[in-house]
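Below is one structure, written out as structure tokens; comments come after it.
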Protein chains: 2
Amino acid sequence: MQEKQPRPTSFDVARRAGVSQSAVSLVFGGKAEGRVGKRTQEAILQAARELGYHPNRAARTLRSGRSRIVALVVPDVSNPYFAAVLQGAEEAARTSGYSVLLAQLHEEQDWQHVVLDALTSRAVDGFLFCTLQPPSESIAQVLQGKAIIVDETYQGLPSLQLDVETGMQAAMEHLIHLGHRRIAHLGAAVDATSFHQRHHAYQAALHQAGLSFPADYLARAAFTSADASRAAHQLLTCPEPPSAIVCDSDVLAVGVYKAARALHRSIPRDLSVVSFDDSIIASMLDPELTTVAIPARTIGAQALALLLQALEEGTAPASLTIPLTLMIRASTAQPAG
Amino acid sequence: MQEKQPRPTSFDVARRAGVSQSAVSLVFGGKAEGRVGKRTQEAILQAARELGYHPNRAARTLRSGRSRIVALVVPDVSNPYFAAVLQGAEEAARTSGYSVLLAQLHEEQDWQHVVLDALTSRAVDGFLFCTLQPPSESIAQVLQGKAIIVDETYQGLPSLQLDVETGMQAAMEHLIHLGHRRIAHLGAAVDATSFHQRHHAYQAALHQAGLSFPADYLARAAFTSADASRAAHQLLTCPEPPSAIVCDSDVLAVGVYKAARALHRSIPRDLSVVSFDDSIIASMLDPELTTVAIPARTIGAQALALLLQALEEGTAPASLTIPLTLMIRASTAQPAG
DNA sequence: CTGAAAGCGCTTACAG
DNA sequence: CTGAAAGCGCTTACAG
């Protein structure tokens, strides 16, 4: 290990252990059981340890066609939600001997070719996609058996779904039980199924409770607290302002807090706030935020498990749905008066 | 592209373009200038396009010994700071044709062997290390020319330094100018150079201003707002409580906000707060947080640039120091009375 | 249970 | 400027 360039190969290990190179390969490939004798295996491991041998990944990949690397495709890792998904995925990958490569797609429309490159150059075995525009049909074809879509569905690619409807329903029931009748929705200005689902479930809940939905009870904001603040201000200054606001994400709730403070409305006395995520932000806000928890780390881990299932067993895994739980904290209360 | 298994190789491209396989390799390896005629190059690119050819990464890596993958080693990506470093690193890597693999080290003491594995198996070309215990001497040896340390120094490995001292000095001068005389330090209970530097600079600034430093003006907290809240409570309830608190990180500042609220101290009227990071948290807090910005994304990008310099040019890059800037917001004001 | 051999798809001297 | 050939270090049938 200290000399220059020992960089031992399986041949070196074989020579030292007095066995064939194939035996070494079998042992390190985990295919030794019933093929290589116990003693031989031990001799091989011993020799490998002495030499500091590790199989060359590139050679293995070239020969087997599998890199044991998967790519996580997200728009932006600095978003705490995606960072947590990545964290879960990395942990799950590691326990299975895989590694996770990050692929951020910022604004790129042409992400499809990035994916194709990675695949045809055999750099990665598979993909985890998080909230992106769905792939074109021809790409979806190529991705069969090599990709899991998180929180979207497309073209029969297996996916990890979030039970957003039930989550929103729980949030709305909570508010309605508290006595709220004027409930507005601050949505994310993102064209993704998950956000459409939130709005549909919101409307369904209103309808079921026999509540009305004035046109000015819907606002949309980009994924920043600044824009959310602007949108919330609009909601709070309409003729008959809501007593509660449901937000699509914790980041948006931050904007609501800011707008409320600027307008001298106290949370939760004058205004109740519920959102989605339960990111680090939720317990940092004051009062702490009532929010529908999206267990991002678990999602990353589960999605990765599905992907490995597809990759290793070749079985198209059934899509999985993750339930969401409402975390009731201090930002919701009975409406004043 | 639509048939099963076309998966063209450089031989297929060569055949189609009517040239030798080596010419194809030269073109895709970026070594064609002066070695392959312009026309030939175009013919090759054309043929490759038609076949949907991409060089096989594994073969390239096996032959050349370089994977064009680097690993980012961090304790925890769900921390917004590390997520931002990763973001910057990934962006910089991509523009140079590299990819970033994530290696989280949670609590593992034995990270050294993880690193060695990755290196001897030739899975990655190099490493970016973020705030970890320094490597043992023998490992540092192996890492020569293949690693950049962020915000630490060790064993002559090149590093990206943050000018923490100057940052802290700016924070302290700001408070002192405002008229504060009783300034406490809420530090991170993490044994890393960066945090030691913060405390030293804090003391130096007090000393320079002729201010005293009572023993109960130092508290340490784990990296959670809950623990920081506990520590801040302690600071705020000591016999002669401080009028300002300097925190090692935004996350800790959140704890101070919580403790202050619980004790009915208003920020900034009764208490000024300054911290380090300028993460998303800073502008989410109310009032917005005065903080020494640590440009994590830039740091990731710069560290990656240094690493590539070491990897590609073989020159040990000089260590680089990043200046830090104080962002003055609404959490600091003149002390009351 | 063990070994000899082919070959994955490139890069890179080397010869022309 | 171009081509033939060796070889990177494995995995995997295949023969014993």
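The figures that follow rest on heavy atoms only: side chains count, while hydrogens, waters and symmetry mates do not. In the text below, chain A, chain B and the rest are named by the order of the sequence lines, each starting its count at 1.
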- Write down the partner of D:dC14 under the Watson-Crick or G-U wobble criteria, each distance required to be under 3.5 Å. C:dG3
- Message: It should be established whether B:Ser10 places a side-chain nitrogen or oxygen under 4.0 Å from OP1 or OP2 of nucleotide C:dC10.
- Response: yes
- Can you tell me how far P of C:dT11 sits from CD of B:Gln21, to the nearest Å? 8 Å
- Message: To check you understand the geometry: which heavy-atom pair defines the closest contact between B:Ala48 and B:Val13, and what is its length?
- Response: N-CG1, 4.0 Å
- Looking only at atom types and distance, does a side-chain atom of A:Ser67 sit under 3.5 Å from a main-chain N or O of A:Ala123, one as donor and one as acceptor? yes
- Query: Quick one: is A:Ser20 getting a side-chain N or O under 4.0 Å of the C:dG3 phosphate, OP1 or OP2?
  - Reply: yes
- Task: Please list, by residue number, the residues of residues 54-64 of chain A whose heavy atoms come closer than 4.0 Å to an atom of DNA chain C; answer none if no residue qualifies.
- Result: A:Leu62, A:Arg63
- Query: Can you tell me if the side-chain N/O atoms of A:Ser25 get under 4.0 Å from OP1 or OP2 in D:dT11?
  - Reply: yes
- Report the C-alpha distance between B:Phe127 and B:Leu143 in whole Å, list the side-chain angles of each, state the deciding distance to 0.1 Å, and finish with yes or no for side-chain contact (heavy atoms from CB on, under 4.5 Å). CA-CA 8 Å; B:Phe127 297 90; B:Leu143 288 175; 3.8 Å; yes
- Item | Protein-nucleotide distance (B:Arg15, atom CZ; C:dG9, atom C1'), rounded to Å | 13 Å
- Do A:Asp151 and A:Ser194 meet the criterion of a side-chain donor-acceptor pair at a distance under 3.5 Å? yes
- A:Asp12 atom CG is separated from D:dG9 atom P, nearest whole Å, by 9 Å
- Note on the structure: Hits for ring-ring contact (aromatic ring centres under 6.0 Å, His included) against B:Phe28, two or more places apart or cross-chain, chain-then-number order -> B:Tyr53
Donor-acceptor list for residues 69-85 of chain B side chains, cut-off 3.5 Å, not counting sequence neighbours:
from: B:Asp76; atom 1: OD1; to: A:Gln87; atom 2: NE2; distance (Å): 2.9
from: B:Asp76; atom 1: OD1; to: B:Ser78; atom 2: N; distance (Å): 2.8
from: B:Asp76; atom 1: OD1; to: B:Ser78; atom 2: OG; distance (Å): 2.8
from: B:Asp76; atom 1: OD2; to: B:Ser78; atom 2: OG; distance (Å): 3.4
from: B:Ser78; atom 1: OG; to: A:Gln87; atom 2: OE1; distance (Å): 3.4
from: B:Asn79; atom 1: OD1; to: B:Tyr81; atom 2: N; distance (Å): 2.8

- Would you say the side-chain atoms of B:Glu42 and B:Gln46 include a donor-acceptor pair closer than 3.5 Å? no
- OP1 or OP2 of C:dT11 less than 4.0 angstrom from a side-chain nitrogen or oxygen of B:Lys31, does that happen here? no
- Item | Length of the line joining A:Arg122:CZ and C:dG9:C1', which is rounded to integer Å | 11 Å
- Message: What contact category does A:Val19 fall into here, base, sugar-phosphate, or nothing, at under 4.0 angstrom with non-hydrogen atoms?
- Response: sugar-phosphate
- Message: What's A:Gly29 touching, base or sugar-phosphate or nothing? Going by heavy atoms closer than 4.0 Å.
- Response: nothing
- Message: Nearest whole Å is fine: how far is C:dT11 P from B:Phe11 CZ?
- Response: 11 Å
- Please report, rounded to the nearest Å, how far the P atom of C:dT2 is from the CD1 atom of A:Ile44. 8 Å
- Message: Can you measure A:Glu33 atom CD to C:dT2 atom P for me and round it to whole angstrom units?
- Response: 12 Å
- Item | Nucleotide D:dT11, atom C1' - distance to CZ of A:Arg68 in whole Å | 14 Å
